[in-house]
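Only one structure is covered here, and it is reproduced in the block below.
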Amino acid sequence: MTAPTVNPLRPAEAPPRAARPQRRFTAQRAVPYLMLAPAVLILVALLGWPALQVLGISFRRLDLGELVRGEIVWVGFDNYREVLSDPDFWIIGLRTVLFTGACVVATVGIGLGIAVLMRHLDAPVRIALQVALVLAWATPIIATTTVFQWIFDQQYGILNKTLVALGFDGFAGYSWFTSGVSTLSVIGLLILWQAVPFVAFTLYAGLLGASKDLYEAASIDGATPFQAFRAVSWPALRPLLTMVTFLSVLWDFKVFTQIWALKQGGPDGESTTLPVLLYLKGISGSHFGVASAVAVLMLLILVGVTWRYMRLLVRSQETEL
């Protein structure tokens with residue numbers, strides 16, 4: 001009996017593919033969506049509708065007179081033209097982006113350093129540091145702002161008195177709020193005081209998630225502390241670092257309370273940021289149409305700044321699906 005001959009010029013036939021199981025939308029698969037539906041509807045009602053209202057108001061002239069009379073006056077893109085043609089808007093926008101970037105970099109850097117430090121401290125010292133971080137985090141914003149006003153006060157501030165006692169006589173009666181740069185620096189320190197604890201605890205939790213066996217293996221292989229951090233700690237920290245960076249951008253970009261309570265955007269508007277401008281146009285100036293246009297532009301700037309993270313977030317969700 002002879003074996004069947006195979007023509008070498010004829011490609012071999014591929015084995016038949018197994019039929020893919022078809023996913024059916026059963027009642028069991030619908031349960032998670034039904035459980036999420038009430039929360040999604042509430043979020044749409046509480047956030048989506050006000051956002052649409054702001055977008056609609058940005059195309060109207062809505063000053064105090066129109067608000068009292070209940071008039072609806074559509075002006076198209078006039079509010080956007082007024083905002084974008086104002087040179088102060090571009091200066092304030094650039095100032096807001098630079099201020100946000102500086103605060104985010106400092107917050108994440110200091111928070112990462114404290115998280116690494118807590119991992120290497122003894123238990124009593126680590127607990128004392130964690131208690132101090134929690135107390136700084138839990139202090140109300142207005143109370144912390146009042147304390148910073150006293151620290152940096154020109155006549156009675158403890159900082160100036162301490163510097164003079166150390167031999168820096170030039171700081172006697174020195175004002176920390178004479179320029180926008182120094183004022184924003186003080187506000188940045190205030191933001192760091194309240195933002196670093198969250199970042200430090202979040203990253204510390206990521207460090208605790210790294211296996212101790214990996215650190216032991218790295219030390220056996222003769223890795224330096226930096227090499228061990230890059231090989232073991234960094235993979236566990238990178239997703240958390242991305243998350244806290246994104247959250248810090250959102251929070252620092254819309255900071256209003258600290259700026260307004262400390263100096264109301266002064267001196268001479270040099271510490272005014274976009275949230276303060278939004279307040280001045282809307283609540284203070286009663287130009288709600290223009291203020292809504294500023295709010296929409298702020299949202300577009302924020303989306304542009306965080307676009308990279310949003311792409312990574314969407315891509316990771318698609319990978320999981």
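For the numbers below, each heavy atom of this structure counts, side chains included, while hydrogens, waters and symmetry mates do not.
- Of all heavy-atom pairs between Thr107 and Cys103, the closest is OG1-O, 2.6 Å.
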Inset, instruction - Could you walk me through whether Phe152 and Leu189 pass the side chain to side chain contact (heavy atoms under 4.5 Å, CB included) test, one step at a time? - result: CA-CA 11 Å; Phe152 291 92; Leu189 292 175; 4.1 Å; yes

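- A side chain to side chain donor-acceptor pair (under 3.5 Å) check over residues 91-104, counting only residues at least two apart or in different chains, returns nothing.
- Put simply, OG on Ser185 and CG on Leu190 are 12.5 Å apart, with the number rounded to the nearest 0.5 Å.
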Only pairs under 3.5 Å count here: list side-chain donor-acceptor contacts from residues 56-68, not counting sequence neighbours, and write none if there are none.
from	atom 1	to	atom 2	distance (Å)
Ser58	OG	Leu55	O	2.5
Ser58	OG	Tyr80	OH	2.8
Arg61	NE	Glu66	OE2	3.3
Asp63	OD1	His287	ND1	3.1
Glu66	OE1	Asp63	N	3.1

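- Atoms CG and CD, on Leu280 and Gln264 in that order, are 10.0 Å from each other to the nearest 0.5 Å.
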Inset, instruction - Tell me, with the steps shown, if Leu84 and Leu297 meet side chain to side chain contact (heavy atoms under 4.5 Å, CB included). - result: CA-CA 9 Å; Leu84 295 175; Leu297 293 173; 3.9 Å; yes

Determine all donor-acceptor pairs shorter than 3.5 Å in which one atom belongs to a side chain in residues 133-146; sequence neighbours excluded.
from	atom 1	to	atom 2	distance (Å)
Thr139	OG1	Leu135	O	2.7
Thr144	OG1	Pro140	O	2.9
Thr144	OG1	Gln194	NE2	3.4
Thr145	OG1	Ile141	O	2.8
Thr146	OG1	Ile142	O	2.9

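- With a 4.5 Å cut-off on side-chain heavy atoms, Ile191 and Trp251 do not count as touching.
- We find the CG-CD1 distance between Leu277 and Ile91 to be 11.5 Å, quoted to the nearest 0.5 Å.
- In this structure, Lys281 NZ and Leu274 CG are separated by 12.0 Å, a value rounded to the nearest 0.5 Å.
- In this structure, the side chains of Leu159 and Leu163 come closer than 4.5 Å at one or more pairs of heavy atoms.
- Annotation: the span from Ser182 atom OG to Glu270 atom CD amounts to 8.5 Å, rounded to 0.5 Å.
- In the hydrophobic cluster analysis, where Ile, Leu, Val, Met, Phe, Trp and Tyr join through side-chain heavy atoms closer than 4.5 angstrom, Val147 is grouped together with Ile259.
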Inset, instruction - Start with the C-alpha distance between Val249 and Leu302, add both sets of side-chain angles, then the distance that settles side chain to side chain contact (heavy atoms under 4.5 Å, CB included), and finish with yes or no. - result: CA-CA 8 Å; Val249 170; Leu302 196 58; 4.2 Å; yes

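- Shown here are the side-chain hydrogen bond (donor to acceptor under 3.5 Å, both in side chains) partners of Asp86, two or more places apart in sequence or in another chain: there are none.
- Counting heavy atoms from C-beta on, the side chains of Ser286 and Phe288 come closer than 4.5 Å.
- Under the 4.5 Å side-chain contact rule for hydrophobic residues, Leu250 and Val244 share a cluster.
- Closest non-hydrogen pair, Thr183 versus Pro267, comes out as OG1-CD, 3.6 Å.
- In this structure, the side chain of Ser271 does not engage the main chain of Gly180 through any donor-acceptor pair within 3.5 Å.
- Hydrophobic clustering places Val83 together with Trp74 (ILVMFWY residues linked when any side-chain heavy atoms are closer than 4.5 Å, directly or through intermediates).
- The environment of Phe77 atom CZ is sparse: at most 12 non-hydrogen atoms of other residues, nucleotides or ligands sit within 6.0 angstrom.
- For an aromatic pair to be called close, the ring centres must be under 6.0 Å apart, and Trp260 with Tyr279 satisfies this.
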For residues 196-206, please give each side-chain donor-acceptor pair under 3.5 Å, one per line with the distance, not counting sequence neighbours.
from	atom 1	to	atom 2	distance (Å)
Thr202	OG1	Phe198	O	2.8
Tyr204	OH	Arg126	NE	3.4

Show me the side-chain donor-acceptor pairs of residues 167-176 shorter than 3.5 Å, one per line, residues at least two apart or across chains.
from	atom 1	to	atom 2	distance (Å)
Ser175	OG	Phe177	N	3.4
Trp176	NE1	Asn160	OD1	2.9

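- From Leu94, atom CG reaches atom CD1 of Ile301 across 10.0 Å, with rounding to the nearest 0.5 Å.
- Residues Leu208 and Leu121 are members of one and the same hydrophobic cluster, defined by side-chain heavy-atom contacts under 4.5 angstrom among Ile, Leu, Val, Met, Phe, Trp and Tyr.
- Side-chain heavy atoms closer than 4.5 Å link hydrophobic residues (I, L, V, M, F, W, Y) into clusters, and following such links, even through other members, never connects Leu47 to Val54.
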Inset, instruction - Walk me through it: do Phe253 and Phe99 pass the test side chain to side chain contact (heavy atoms under 4.5 Å, CB included)? - result: CA-CA 8 Å; Phe253 186 82; Phe99 176 73; over 6 Å; no

